[in-house]
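In what follows, a single structure is set out as structure tokens and then discussed.
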Amino acid sequence: MPNSIEHHLTDALLMGYSAATLPEAFSLTIATHVSMCDECRARLGAFDSIGGAMLDAAEAPAMDPSAMAAALTAAKLPPAASPVPRKPGILPTPLQSYVGGDLEAVKWRAISHGVRQAILPTQGGATARLLHIRAGTAVPDHGHNGTELTLVLQGAFMDDGARFARGDIEIATEDLDHSPIADIGDDCICLAATDAPLRFRGWVARIAQPFLRI
Ligand code: ZN
Ligand code: ZN
């Protein structure tokens with residue numbers, strides 16, 4: 001199957017993941033994208049190798065230049081293929097272990113008209129949730145106090161003039177206010193990770209916010 005993913009992770013996120021410095025919710029989202037995306041898996045392999053070479057260099061005080069060059073060449077090679085999912089489904093393998101199965105195991109709760117969520121158990125100051133957005137529905141207009149990663153698992157949405165479909169990841173930061181709209185057709189299912197509360201414009205959403213942990 002051709003790789004049709006158009007929206008990828010940044011180097012900074014892949015490096016943070018490789019160095020294991022990110023909160024669990026972000027690591028889960030990145031691991032899930034990487035499991036679906038050959039391009040980011042290859043880039044992550046390179047960062048993993050560079051990190052390993054730097055650790056080796058730190059242990060050996062004088063690394064000779066040819067060994068460093070060899071390590072960097074090795075870093076550009078694609079990594080070994082990732083393990084085959086135990087049960088192919090809408091949720092890729094890294095997510096299935098959090099949910100305890102595929103979509104049928106998800107316990108959804110309504111958060112606004114046409115939008116449901118399921119918060120996943122993660123630790124470390126960020127939150128991961130699955131979002132189920134009915135086809136043609138808009139997510140309430142909001143801004144961000146931190147970083148929000150949104151990975152599409154089913155269907156697609158339009159946001160800020162771009163289309164995000166299965167495997168695509170959207171990275172929203174403090175300078176983006178948005179109201180993503182699910183495509184007509186399939187309902188849209190996403191995995192979203194946030195490290196700070198969102199800023200909602202509508203007063204109904206603001207009042208409900210503490211109850212929804214969003
Ligand atoms: Zn990618
Ligand atoms: Zn957002």
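Everything numeric in this text was worked out from a predicted model, so none of it was measured. The first residue in the sequence is number 1, and the count goes up from there.
Between Asp187 and His132 there is a side-chain heavy-atom pair separated by less than 4.5 Å. Between Ile133 and Ile189, the closest side-chain pair of non-hydrogen atoms is not below 4.5 Å. Looking at Cys40 and His33, their side chains come closer than 4.5 Å, going by heavy atoms from C-beta outward. By the 4.5 Å heavy-atom criterion applied to side chains, Cys37 and His8 are counted as neighbours. Side-chain contact between Leu191 and Leu120: present, with at least one pair of heavy atoms (C-beta onward) separated by less than 4.5 Å. Residues His144 and Asp175 form no side-chain contact, since every pair of their non-hydrogen atoms from C-beta on lies 4.5 Å or further apart.
To the nearest 0.5 angstrom, Leu149 atom CG is 6.0 Å from Ile171 atom CD1.
The list of side chain to side chain donor-acceptor pair (under 3.5 Å) pairs with a residue in residues 120-130, not counting sequence neighbours, reads Gln117-Arg129.
Legend: residues meeting salt bridge (Lys or Arg N to Asp or Glu O under 4.0 Å) with Asp11, ordered by chain and number and at least two apart, are Arg43.
Between the side chain of Arg41 and the backbone N or O of Val34 there is at least one donor-acceptor pair closer than 3.5 Å. In this structure a side-chain-to-backbone donor-acceptor pair under 3.5 Å is present from Asn145 to Pro197. Panel note: side chain Arg166, backbone Leu153; a donor-acceptor pair is recorded below 3.5 Å. A donor-acceptor pair is defined here as one N or O able to donate and one able to accept, closer than 3.5 Å; no such pair exists between the side chain of Ser35 and the backbone of Pro92. The closest donor-acceptor contact from the side chain of Ser18 to the backbone of Met15 lies at 3.5 Å or more, if one exists at all. Formation of a donor-acceptor pair under 3.5 Å by the Thr21 side chain with backbone atoms of Tyr17 is not found in this model. Asp168 contributes a side-chain N or O that, together with a main-chain N or O of His7, makes up a donor-acceptor pair within less than 3.5 Å. Proximity of a side-chain donor or acceptor of Glu24 to a complementary backbone N or O of Gly124 within less than 3.5 Å is not detected.
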May I have the list of side-chain donor-acceptor pairs in residues 156-163 shorter than 3.5 Å, sequence neighbours left out?
residue: Asp159; atom: OD2; partner: His178; partner atom: ND1; Å: 2.5
residue: Arg163; atom: NE; partner: Asp183; partner atom: OD2; Å: 2.8
residue: Arg163; atom: NH2; partner: Asp183; partner atom: OD2; Å: 2.8

